[in-house]
There are 2 protein chains.
Amino acid sequence: MNHYDMGNWVSRMRDQGFRVTPQRQLILDAIYESGGHTTPEEIYERVHAKAPAVNLATIYRTVDFLRELRLITEMSISGKTYYEIAGDAPHHHLVCRCCGHIEQIDHATVVGLFTRIEQEQQFKVETDHLALVGVCRHCREQATPTAS
Amino acid sequence: MNHYDMGNWVSRMRDQGFRVTPQRQLILDAIYESGGHTTPEEIYERVHAKAPAVNLATIYRTVDFLRELRLITEMSISGKTYYEIAGDAPHHHLVCRCCGHIEQIDHATVVGLFTRIEQEQQFKVETDHLALVGVCRHCREQATPTAS
DNA sequence: ATCGCTGTTGCGAAAAATTGCAATAACGAG
DNA sequence: CTCGTTATTGCAATTTTTCGCAACAGCGAT
Ligand SMILES: [Mn+2]
Ligand SMILES: [Mn+2]
Ligand SMILES: [Zn+2]
Ligand SMILES: [Zn+2]
């Protein structure tokens, strides 16, 4: 037993016919230890430090695999792709296109929209990591001298 | 005069110190003619048919440029990047992760969330092309035999 | 119409991400 | 524990996307 709910996903993985490999554990660990949003390249470096034999292609394949299993979430910010451990409570982000600052908002803020779409369109929204781009409070003040 | 509001963006481009080149017109045309969401590769083929000399690198650079000018919108669906002419009214999409079907929803559906975030967090959301992933009506019926 | 400044492009090279395939190893059965 | 099946990995080759830079060309000024 290490951290998060390891042991849970181990059996869940095996039950579905997938295999629990040291590579998958290392990669999941690396994402977890990175704390926040991390890139395949960062994951690779972290894993490579412990296990130099692990190939970069395995990183790409595995993050995709872990995402499909919903153990991690994927987010694309200005072209780059980031991964993060999927906690029990989903969260989302506001990304400032001026200063690049990223702030977090919780699921409750957006879930109203999701349920309304589900009621009106019978479409079950499952997005668990949204990135809304815009202008943050600080940059708005700066950009507005007096006018408008 | 051709279509959309050409002539408007031409001067807007020049006013900002950018140049109106045949490549940029061809690429904008290609995206427009594609109708819906299109990829850099598709844009390239379309442009290449008319002007074989245009380089693929120019496609990538130009879609980025046009996106910054907000003449087109960028959307990432399951890893792939798509572009589309930015109409006067923004719209968004519901993407089914089972069948891949994409349906459109209009800005009014989501704008409530945006204004609420603006009021509560002073963050001005400008996202004009959201892709919400989930399960469409059809796939939900199929996947639910009787239970739950 | 010509000139000069500098934003853009084409081109080749580099970097990032994906894929096919043979070798490896997880893990259920005996 | 040993074996056999087959999911997974490492590796090399491909494909996709980005980058540096010299040549080119848009466009304002003359
Ligand atoms: Mn996050
Ligand atoms: Mn669209
Ligand atoms: Zn900002
Ligand atoms: Zn569907």
Side-chain angles (χ1 to χ4, degrees), chain A residues 6-7 9-31 37-69 71-72 74-83, chain B residues 6-7 9-31 37-69 71-72 74-83:
Chain A
M6 159 137 172
W9 59 264
V10 168
S11 48
R12 192 144 57 87
M13 219 148 129
R14 275 204 266 261
D15 290 349
Q16 293 186 258
F18 302 117
R19 293 175 184 175
V20 178
T21 67
Q23 287 90 337
R24 286 174 177 170
Q25 300 192 44
L26 281 164
I27 290 167
L28 209 38
D29 281 354
I31 299 172
H37 303 153
T38 186
T39 63
E41 199 59 41
E42 285 173 1
I43 297 169
Y44 176 67
E45 282 167 27
R46 215 175 275 267
V47 169
H48 193 262
K50 292 184 186 171
V54 176
N55 195 274
L56 181 55
T58 302
I59 307 290
Y60 282 107
R61 281 188 292 228
T62 302
V63 291
D64 221 59
F65 168 78
L66 295 174
R67 183 189 50 75
E68 284 180 358
L69 252 77
L71 288 175
I72 64 177
E74 183 186 81
M75 179 170 60
S76 163
I77 295 181
S78 64
K80 295 187 74 69
T81 305
Y82 297 90
Y83 295 93
Chain B
M6 161 138 169
W9 60 264
V10 169
S11 49
R12 193 145 57 87
M13 219 147 130
R14 275 203 265 262
D15 290 350
Q16 294 187 258
F18 302 117
R19 292 174 184 174
V20 177
T21 68
Q23 288 90 337
R24 286 175 178 172
Q25 301 191 43
L26 282 163
I27 290 167
L28 210 38
D29 282 354
I31 299 171
H37 303 155
T38 186
T39 62
E41 199 59 41
E42 284 173 2
I43 297 169
Y44 176 67
E45 282 168 28
R46 215 176 274 268
V47 169
H48 192 263
K50 293 184 186 172
V54 176
N55 194 275
L56 181 56
T58 302
I59 308 288
Y60 282 104
R61 281 187 294 229
T62 303
V63 292
D64 220 60
F65 168 78
L66 296 173
R67 182 188 51 74
E68 283 180 358
L69 251 77
L71 289 174
I72 65 178
E74 184 187 80
M75 179 171 60
S76 164
I77 295 180
S78 65
K80 294 187 75 69
T81 306
Y82 297 90
Y83 295 92

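First the proteins, then the strands, lettered A, B, ... as listed; each starts at 1.
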Original post:
With respect to the side chain of Gln23(B), which nucleotide from dT18(C), dC19(D), dG10(C) is positioned closest?
Top reply: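 Given the options dT18(C), dC19(D), dG10(C), the side chain of Gln23(B) is closest to dG10(C).
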Subject >> Residues that Gln23(B) engages under side-chain hydrogen bond (donor to acceptor under 3.5 Å, both in side chains), provided they are two or more places apart >> reply: none
**OP:** Please work out if Pro22(A) contacts a base, only the sugar-phosphate, or nothing of the nucleic acid, heavy-atom cut-off 4.0 Å.
**Re:**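 Sugar-phosphate contact only.
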Original post:
Under 4.0 angstrom, heavy atoms only, what part of the nucleic acid is Ala53(B) near: base, sugar-phosphate, or nothing?
Top reply: sugar-phosphate
Original post:
Looking at Met75(A), Glu74(A), His37(A), which hits side chain to side chain contact (heavy atoms under 4.5 Å, CB included) with Thr81(A)?
Top reply: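 For Thr81(A), the side chain to side chain contact (heavy atoms under 4.5 Å, CB included) test succeeds with only one of Met75(A), Glu74(A), His37(A), which is Glu74(A).
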On the nucleotide [N], are OP1 or OP2 found under 4.0 Å from the side-chain N or O atoms that [X] carries?
| X | N | value |
| --- | --- | --- |
| Gln16(B) | dG7(C) | no |
| Thr21(A) | dT9(D) | yes |
| Thr58(B) | dT8(C) | no |

**OP:** Could you say whether Arg14(B) or Tyr60(B) is positioned toward the 5' end of DNA chain D, judged by the nucleotide with the nearest heavy atom to each?
**Re:**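 This one resolves to Tyr60(B).
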Original post:
Side-chain donor or acceptor of Arg61(A) under 3.5 Å from a matching atom on the base of dG20(C)?
Top reply: yes
**OP:** Take the C1' atoms of the five end pairs on each side of the helix from dA1(C)-dT30(D) to dG30(C)-dC1(D), get both axes, and report the angle to 10 degrees.
**Re:**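 Between the first-five-pair axis and the last-five-pair axis there is 30°.
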Subject >> Non-neighbouring partners of Tyr44(A) that pass ring-ring contact (aromatic ring centres under 6.0 Å, His included), sequence neighbours left out >> reply: His48(A)
